[in-house]
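Notes for the one structure printed next.
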Protein chains: 2
Amino acid sequence: MRRDAITSGFVTSADVARLAGVSRSAVSRTFTPGASVSAEVRARVLAAADALGYRVNRLAQGLISSRSNLVGVVGARLAQPFQAMQLALLSSALMARGLQCLLLNADDADQSITPLIERMLEFRARAIVIMSGSPPTAIVEECVRNGVRVVLVYKPVEGVAADTILCDDEGGARAAADLLLASGCRSLAVVSSGGQTPSLARRIAFFRERLAGHDLSPLVWAEGPTSYETGAAAAQALVPQGVDGVFCVTDLIALGFMDRARHGLGRRIPQDLCVVGFDDIPQAGWAAYGLTTLRQDLPAVTRHVVAAIEREAPPPAEAVTVPVTLVRRGSTRAD
Amino acid sequence: MRRDAITSGFVTSADVARLAGVSRSAVSRTFTPGASVSAEVRARVLAAADALGYRVNRLAQGLISSRSNLVGVVGARLAQPFQAMQLALLSSALMARGLQCLLLNADDADQSITPLIERMLEFRARAIVIMSGSPPTAIVEECVRNGVRVVLVYKPVEGVAADTILCDDEGGARAAADLLLASGCRSLAVVSSGGQTPSLARRIAFFRERLAGHDLSPLVWAEGPTSYETGAAAAQALVPQGVDGVFCVTDLIALGFMDRARHGLGRRIPQDLCVVGFDDIPQAGWAAYGLTTLRQDLPAVTRHVVAAIEREAPPPAEAVTVPVTLVRRGSTRAD
DNA sequence: GCTGCTGATGCACGCGTGTGCAATGCTTCA
DNA sequence: TGAAGCATTGCACACGCGTGCATCAGCAGC
């Protein structure tokens with residue numbers, strides 16, 4: 001008993017072929033750009049397809065080519081401004097290229113994102129973009145072996161044939177240090193979270209290194225999640241110690257720091273305290289804050305990700321580093 | 001020439017069967033819960049699969065069952081806090097149920113999201129969640145006809161067998177009006193954006209209706225995108241007219257309004273001006289704002305969405321309305 | 001020893017699509 | 001007119017998997 005196209009279920013190319021009075025091949029070719037079909041047959045097929053509401057089954061299509069248009073995107077803390085911006089830009093760019101964005105939320109994936117990557121392999125994804133979590137080398141190698149491109153955003157993995165995109169943590173941290181020093185701050189601190197991602201750790205390290213060149217050593221806060229609340233907690237602990245200049249490795253942390261310093265501890269910014277952030281999320285530019293920060297070039301990052309996915313050649317041996325830009329606002333003093 | 005499992009490409013169940021010395025059926029049954037396989041064969045198969053790095057092909061799996069585990073999620077302005085929260089919660093909930101979240105960014109889809117839904121149909125998605133845009137009735141009906149569940153979040157479509165989830169715009173708008181009146185505000189305004197979604201339009205309407213019961217008529221602002229900047233622009237225009245109480249249909253708008261009123265126009269909140277928002281995004285609770293707002297129960301919305309996807313029975317005739325909660329903070333005066 | 005039953009296993013088919021190959025018909029050129 | 005070339009079309013196979021059906025071995029009960 002054949003499926004009844006009227007009653008329910010999806011219409012297949014065989015249904016269309018029957019109605020149009022042609023072979024199934026003709027239907028397939030009609031929807032395949034560059035295939036050889038006469039204008040007359042094409043018209044009949046299109047009419048029949050339209051009448052029946054035919055939609056090509058991409059699952060079957062992917063089965064043939066043994067590769068889908070799916071791109072797995074692994075991310076976490078998607079509700080936070082920076083990650084949300086990243087995802088919005090990336091999903092938009094992928095769609096523009098005809099790629100499907102399969103979103104994998106790593107929030108509940110304690111410890112390892114390996115199961116998420118495995119799921120993408122099962123879907124024969126064309127590529128996997130890692131925006132969060134540190135994938136074990138083994139699983140990345142399995143992806144590469146199977147022809148699934150892996151793009152690591154801010155998450156370097158050693159000795160693996162995957163595209164890696166980094167931002168200029170070094171230049172950013174140095175600029176932050178230089179600006180705070182130029183503002184006359186001498187009692188400095190750097191605020192990060194307990195979850196030390198490679199990028200955040202580098203920002204701390206380069207900031208400290210730069211200060212060490214001036215024989216200064218900042219207080220270091222590295223507890224709690226990467227959140228507004230962590231910034232507030234850090235301010236509560238550090239400001240009473242006389243800190244007059246802070247580099248927060250994330251804008252979100254910086255905003256929490258500013259709020260607690262001002263509204264809880266009565267400090268004036270930038271008169272009593274200078275604050276520098278990192279990322280340039282929209283809230284940093286809001287009038288209540290005016291946070292001086294290091295802007296990440298997210299469009300550039302997105303372009304690199306898409307280029308890595310579409311490139312045919314193997315990934316370059318070296319990571320791409322995207323520059324950051326200092327955006328001066330009211331949370332720091334003019335020189 | 002058969003594929004060489006060592007060299008490249010994905011391992012198939014036939015490869016595993018060959019190595020384990022069993023039939024391909026045995027491999028399939030090993031990975032099918034509840035199927036009949038002896039412990040000895042299962043062990044051999046698992047060993048072979050592990051040695052070869054076998055991963056079941058979900059594309060082929062979906063082809064068999066003619067239904068995938070994919071859930072299409074249509075959203076726009078994903079970088080904005082509220083939408084980002086929605087997406088974060090939904091993607092997490094879907095993953096917990098073993099469903100895949102296929103993200104469709106509607107930002108570049110001017111006018112119609114129909115092409116996006118069509119793409120989901122081609123992937124034989126199990127369900128489609130519309131968080132943004134107004135799908136034409138015709139395409140929704142096609143989804144339903146093909147057994148693809150459609151869940152409309154805040155986007156009612158008339159006369160269609162789809163689950164619809166609304167929030168209590170009426171109760172929220174009334175609570176906002178009542179609170180502003182109780183605070184002694186008499187020169188009121190309601191601020192929205194130019195892109196009138198059904199939900200936002202209802203908030204305006206019910207707010208006006210409530211005030212009309214007190215013989216009051218608010219100024220209405222409805223221009224620009226639903227953004228922080230729109231709130232600032234509205235403040236610039238409305239505050240000089242003597243407005244002393246504002247209902248912003250979105251927190252993001254409210255924060256822009258507050259910032260301009262305070263830092264640009266020198267008004268004190270709540271002494272000179274009371275502001276009520278809607279949504280309760282994280283920023284509303286930040287110390288710099290303390291925005292009184294109507295909290296949406298996003299976890300409840302998410303639960304309803306997931307329930308609608310998993311339900312076997314046809315969707316209920318009536319929309320589900322999720323209540324909102326008044327969260328009082330410093331942007332309004334105590335009675 | 002024979003029958004009936006149960007669990008394990010393999011064969012073969014179908015899911016919906018793309019495509020190589022051969023056959024067919026038409027056009028063009030000598 | 002005949003041959004060659006080209007565009008078009010259908011047949012048949014392959015993609016990787018799940019599963020109904022038949023087969024078979026093992027075992028209990030008579």
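Each chain gets a letter, A, B and so on, in the order the sequences are listed, and its residues count up from 1. All values below were derived from every heavy atom in this structure, side-chain atoms included, with hydrogens, water molecules and symmetry-related copies excluded.
For the pair Asn57(A) CG and dG14(C) P, the computed distance is 18 Å after rounding to whole Å. The distance between atom CZ of Arg24(A) and atom P of dG20(C), rounded to the nearest whole Å, is 14 Å. Atom CG of Leu59(B) and atom C1' of dA14(D) are 15 Å apart (whole Å). At whole-Å resolution of the value, CD in Glu122(B) and C1' in dT17(C) are 13 Å apart. In this structure, CZ of Phe123(A) is placed 17 Å from P of dG16(D), rounded to the nearest angstrom. Rounded to a whole Å, the CG atom of Leu63(A) is 10 Å from the C1' atom of dG18(C). In this structure, Glu40(A) atom CD and dA7(D) atom P are separated by 18 Å, rounded to whole Å. For the pair Arg42(A) CZ and dT8(D) C1', the interatomic distance rounds to 12 Å; values are reported in whole Å.
Both Ala35(B) and Ile64(B) sit near DNA chain C, but only Ala35(B) has its closest nucleotide nearer the 5' end.
In this structure, Val27(A) reaches neither bases nor backbone, as no heavy-atom distance under 4.0 Å exists between it and the strands shown. Ser13(B) comes within contact range of the sugar-phosphate backbone alone, with a heavy-atom separation under 4.0 Å but no base atom that close. Within 4.0 Å of Ser38(B), counting heavy atoms only, lie sugar-phosphate atoms of the nucleic acid but no base atom. If you check every strand for non-hydrogen atoms under 4.0 Å, Val41(A) touches sugar and phosphate atoms only. Tyr54(A) comes within contact range of the sugar-phosphate backbone alone, with a heavy-atom separation under 4.0 Å but no base atom that close.
When the nucleotides dC17(D), dT9(D), dG10(C) are ranked by their closest atom to the side chain of Arg29(B), dG10(C) comes out on top. The side chain of Ser36(B) sits closest to dT9(C) out of dT9(C), dT9(D), dC15(D).
The side chain to side chain contact (heavy atoms under 4.5 Å, CB included) test with Pro135(A) singles out one residue from Val150(A), Ile113(A), Thr114(A), and that residue is Ile113(A).
With hydrogens and angles left out, the side chain of Arg124(B) and the base of dG16(C) share no donor-acceptor pair within 3.5 Å. Side-chain to base pairing of Arg55(B) with dG16(D): no donor and acceptor N or O lie closer than 3.5 Å to each other. Residue Arg58(B) places no side-chain atom within donor-acceptor reach of the base of dG16(D), judged by atom type and a 3.5 Å distance cut-off alone.
Nearest approach of Leu59(A) to Leu63(B), heavy atoms of both residues: CD2-N, 4.2 Å. The two residues Met120(A) and Gln100(B) have their closest heavy-atom pair at CE-OE1, 4.1 Å.
Side-chain atoms of Ser92(A) and Asp107(B) include no donor-acceptor pair closer than 3.5 Å. With hydrogens and angles left out, the side-chain atoms of Gln296(A) and Tyr154(A) include a donor and acceptor closer than 3.5 Å.
Phosphate contact (OP1/OP2 of dG10(D), side-chain N/O of Ser23(A), threshold under 4.0 Å): present. Of the side-chain N and O atoms in Ser25(A), none sit less than 4.0 angstrom from OP1 or OP2 of dG10(D). Of the side-chain N and O atoms in Gln61(A), none sit less than 4.0 angstrom from OP1 or OP2 of dG16(C). For dG18(D), one of the phosphate oxygens OP1 or OP2 lies less than 4.0 angstrom from a side-chain nitrogen or oxygen of Ser28(B).
Contact annotation: the side chain of Tyr54(B) approaches that of Phe31(B) to within less than 4.5 Å [non-hydrogen atoms, C-beta and beyond].
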